[in-house]
Visitor: 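I'd like to ask some things about the structure below.
Count residues from 1 along the sequence.
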Amino acid sequence: MPEIDRTLRELVAATRYPPTPDVAAYVVAAIPQRRQRRLVVVALAAMAMLIALAIAFAVPPARSAILDWLGFGPIRIEHVSTLPPVPDSATLALGRAATLAEARRAMGFPILRLPREADGLFVDKPDGEVTLV
């Protein structure tokens, strides 16, 4: 064993530390009883609300009503085996076809870049829309 290790071990064995005070008991004693009760009541109320919300979300009609109330009602996700046909982009009235540079000049907001998968870019200046296809 190196000399420094032996010296440190001897120092640790010879050193007496004072007992660690009970900090938790001191903190609890310092908080007024009234405040402690209020914290407990608030914590219990929050737990009861979370449990009630979890139970409500477990029941489909209640979940739908809550989502409708929050404004998520119209969103519906359907899993299908085949996708419906998509109309040609010319019939969608997306605006006029443009390059990225033309769209940047025409619009009043920054257009960072086109994703590599984009087939086209359309600009509808009156509505302020840029559509990537």
Side-chain angles (χ1 to χ4, degrees):
M1 179 181 306
E3 184 65 28
I4 188 75
D5 285 345
R6 188 175 325 113
T7 305
L8 288 174
R9 289 183 192 275
E10 290 170 0
L11 282 173
V12 167
T15 305
R16 293 186 186 209
Y17 292 99
T20 305
D22 188 8
V23 178
Y26 175 75
V27 170
V28 169
I31 298 174
Q33 286 289 14
R34 202 152 131 205
R35 186 169 181 186
Q36 284 180 349
R37 285 190 203 117
R38 188 180 318 147
L39 289 174
V40 169
V41 168
V42 169
L44 288 174
M47 284 178 39
M49 288 177 58
L50 285 174
I51 291 170
L53 191 62
I55 291 170
F57 268 96
V59 179
R63 179 177 52 235
S64 297
I66 292 170
L67 292 176
D68 285 342
W69 182 73
L70 291 174
F72 294 113
I75 298 172
R76 189 175 76 196
I77 299 174
E78 291 183 27
H79 296 280
V80 295
S81 57
T82 58
L83 294 175
V86 178
D88 185 27
S89 61
T91 62
L92 292 177
L94 299 174
R96 69 174 179 81
T99 64
L100 181 59
E102 292 170 344
R104 284 180 174 154
R105 280 192 302 273
M107 304 312 287
F109 52 86
I111 303 169
L112 300 178
R113 65 182 178 89
L114 285 177
R116 292 189 177 145
E117 300 84 27
D119 292 331
L121 181 131
F122 297 88
V123 176
D124 188 359
K125 182 110 171 102
D127 291 337
E129 293 178 359
V130 176
T131 306
L132 299 175
V133 178

Visitor: Rounded to the nearest 0.5 Å, how far does CG of L100 lie from CG of L132?
Guide: 9.0 Å

Visitor: Checking the side chain of E10 only, and the main-chain atoms of T7 only, is there a donor and an acceptor separated by less than 3.5 Å?
Guide: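 It does not hold such a pair.
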
Visitor: In Å, rounded to the nearest 0.5 Å, how long is the span from CG of L121 to CZ of R96?
Guide: 9.5 Å

Visitor: Honestly curious: do V42 and M49 fall in one hydrophobic cluster under the side-chain, below-4.5 Å linking rule?
Guide: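 In one cluster: no.
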
Visitor: Hey, what do you get for CG (D68) to CD1 (I66), rounding to the nearest 0.5 Å?
Guide: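 One finds 10.0 Å between CG of D68 and CD1 of I66.
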
Visitor: Which heavy-atom pair separates A98 from A103 by the least distance, and what is that distance?
Guide: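 That closest heavy-atom pairing would be CB-N, 4.4 Å.
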
Visitor: Could you walk me through whether L8 and V12 pass the side-chain contact (heavy atoms from CB on, under 4.5 Å) check?
Guide: CA-CA 6 Å; L8 288 174; V12 167; 5.5 Å; no

Visitor: Shared ILVMFWY cluster between W69 and L67, side chains joined below 4.5 angstrom?
Guide: yes

Visitor: Give the minimum heavy-atom separation between A62 and A56, together with the two atoms involved.
Guide: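 Closest approach of A62 to A56: CB-O, 3.3 Å.
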
Visitor: Excluding sequence neighbours, so at least two apart, what forms side-chain contact (heavy atoms from CB on, under 4.5 Å) with F109?
Guide: M107, I111, V130

Visitor: What pair of heavy atoms forms the shortest contact from A58 to P60, and how long is it?
Guide: O-CD, 3.5 Å

